[in-house]
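Accompanying notes for the structure given below.
Numbering of ligands and ligand atoms starts at 1, following listing order. Atom set for the values below is all heavy atoms of this structure, side chains included, hydrogens, waters and symmetry mates excluded.
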Amino acid sequence: MSNILIAPSTDPCELAQLNSYAKLLVSSGADWIHCDVMDGVFVQKRNFEPINLAGMRGIDTFFDVHLMVANPMRVIDDYIDAGANSISVHAEAFGDITSLQKAIDYIHSHGVKAGVVLNPATGAESILDTLSNVDMVLVMSVVPGKSGQSFMPEVLPKISFLDDFRKKKGYHFLIEVDGGVNENTITLVKKAGADVAVVGSAMYKADDKKSFIAKLKNL
Ligand code: DX5
Ligand code: ZN
């Protein structure tokens, strides 16, 4: 089984502690830092601002920004300026596939990687036309809004479908899975074909981050 990348989520951490939390994670072997941006509209909770990303800028890692916001175009520039390495936008936040494709092109035009996010209820069929041009598909395995929810196994066929589809088409997008990933569910996610696992509350709770990250990679 391939060695999955581990992307701890910022969501469980107090913003004031974020810099030291991210430093600890990166020095413990985390591959990416997954920045959960919530606007209080697309999801109920409001958390994370561009300044929180800019504050982590000195840390040598890959900043994977997940925009859980209405009107993503409104904030994309701010996250590019703050140092995002990738920006993922929800398919559900766009009225049609053309505007979603425009957002992907806009992100790419700034030299930043672009991803599309699918809520558990959104099928992969709705975004097939974007897949030749995205760097990543982020499959939500919980309804977005907060960390600490249970993994929804019903999204596993969507992950396998995307894995088969990219092989068939020769596409190279990564598959990232977000929500309820822990030491029990990561094997399901790996088996289905995911490349990157977002780990929020399970990571925050782990006493020894280094051995937990190693364990998640080796399971
Ligand atoms: C869900 C967020 C996730 C979440 C992950 O709204 O997008 O990134 O914080 O946390 P866990 O792993 O606890 O589900
Ligand atoms: Zn997320």
Taking 4.0 angstrom as the limit and counting only heavy atoms of [X], give me the atoms of ligand 1 inside it, by number and element.
{"X": "Val198", "answer": "8 (O)"}
{"X": "Asp36", "answer": "2 (C), 3 (C), 4 (C), 7 (O), 8 (O), 9 (O)"}
{"X": "His34", "answer": "8 (O)"}
{"X": "Pro144", "answer": "6 (O)"}
{"X": "His66", "answer": "7 (O)"}
{"X": "Lys146", "answer": "1 (C), 6 (O)"}
{"X": "Gly148", "answer": "11 (P), 13 (O), 14 (O)"}

Backbone or side chain, does any N or O of [X] fall under 3.5 Å from an N or O of ligand 1?
{"X": "Pro12", "value": "no"}
{"X": "Gly179", "value": "no"}
{"X": "Ser201", "value": "yes"}
{"X": "Val199", "value": "no"}
{"X": "Met68", "value": "no"}

Cut-off 3.5 Å, side chains only: do [X] and [Y] have a donor facing an acceptor?
{"X": "Asn47", "Y": "Asp11", "answer": "yes"}
{"X": "Asp77", "Y": "Tyr106", "answer": "yes"}
{"X": "Asp105", "Y": "Asn133", "answer": "yes"}
{"X": "Thr185", "Y": "Asn182", "answer": "yes"}

Among protein heavy atoms, which lies nearest [atom], and at what distance?
{"atom": "atom 6 (O) of ligand 1", "result": "Gly145 N, 2.7 Å"}
{"atom": "atom 10 (O) of ligand 1", "result": "Ser147 CB, 3.1 Å"}
{"atom": "atom 14 (O) of ligand 1", "result": "Gly180 N, 2.8 Å"}

When Val137, Val189, Asp64 are each screened for side-chain contact (heavy atoms from CB on, under 4.5 Å) with Glu176, the one that passes is Asp64
What residue among Leu156, Ile175, Val116 forms side-chain contact (heavy atoms from CB on, under 4.5 Å) with Val139?
Ile175
Rounding to 10°, state the angle centred on the Zn ion (ligand 2) that links ND1 in His66 with NE2 in His34.
100°
Taking atom NZ of Lys158 as the centre, does the number of heavy atoms from other residues, nucleotides or ligands within less than 6.0 Å exceed 12?
yes
Name the orientation class of the two ring planes belonging to Tyr171 and Phe165 (parallel below 30°, tilted from 30 to 60°, perpendicular beyond 60°).
perpendicular
Which of parallel (below 30°), tilted (30 to 60°) and perpendicular (above 60°) describes Tyr21 and Tyr204?
perpendicular
Of all N/O/S atoms in Asp178, which lies nearest to the Zn ion (ligand 2)?
OD2
Can you list the steps and then say if Phe63 with Tyr79 is a ring pair (Phe, Tyr, Trp, His ring centres under 6.0 Å)?
CA-CA 10 Å; Phe63 291 104; Tyr79 283 98; over 10 Å; no
Approximate separation, where rounding is to 0.5 Å, of Leu162 CG and Asp195 CG
10.5 Å
How long is the straight-line distance from OG1 of Thr61 back to CG of Asn85, given to the nearest 0.5 Å?
8.0 Å
Within the stated cut-off of 2.8 Å, is an N/O/S atom of Asp36 closer than that to the Zn ion (ligand 2)?
yes
Looking only at non-hydrogen atoms, the one of Thr185, Asp11, Leu138, Asp178 nearest atom 5 (C) of ligand 1 is Asp178
Where the closest heavy atom to atom 12 (O) of ligand 1 is concerned, which of Ala202, Gly200, Ser141, Ser9 has it?
Gly200
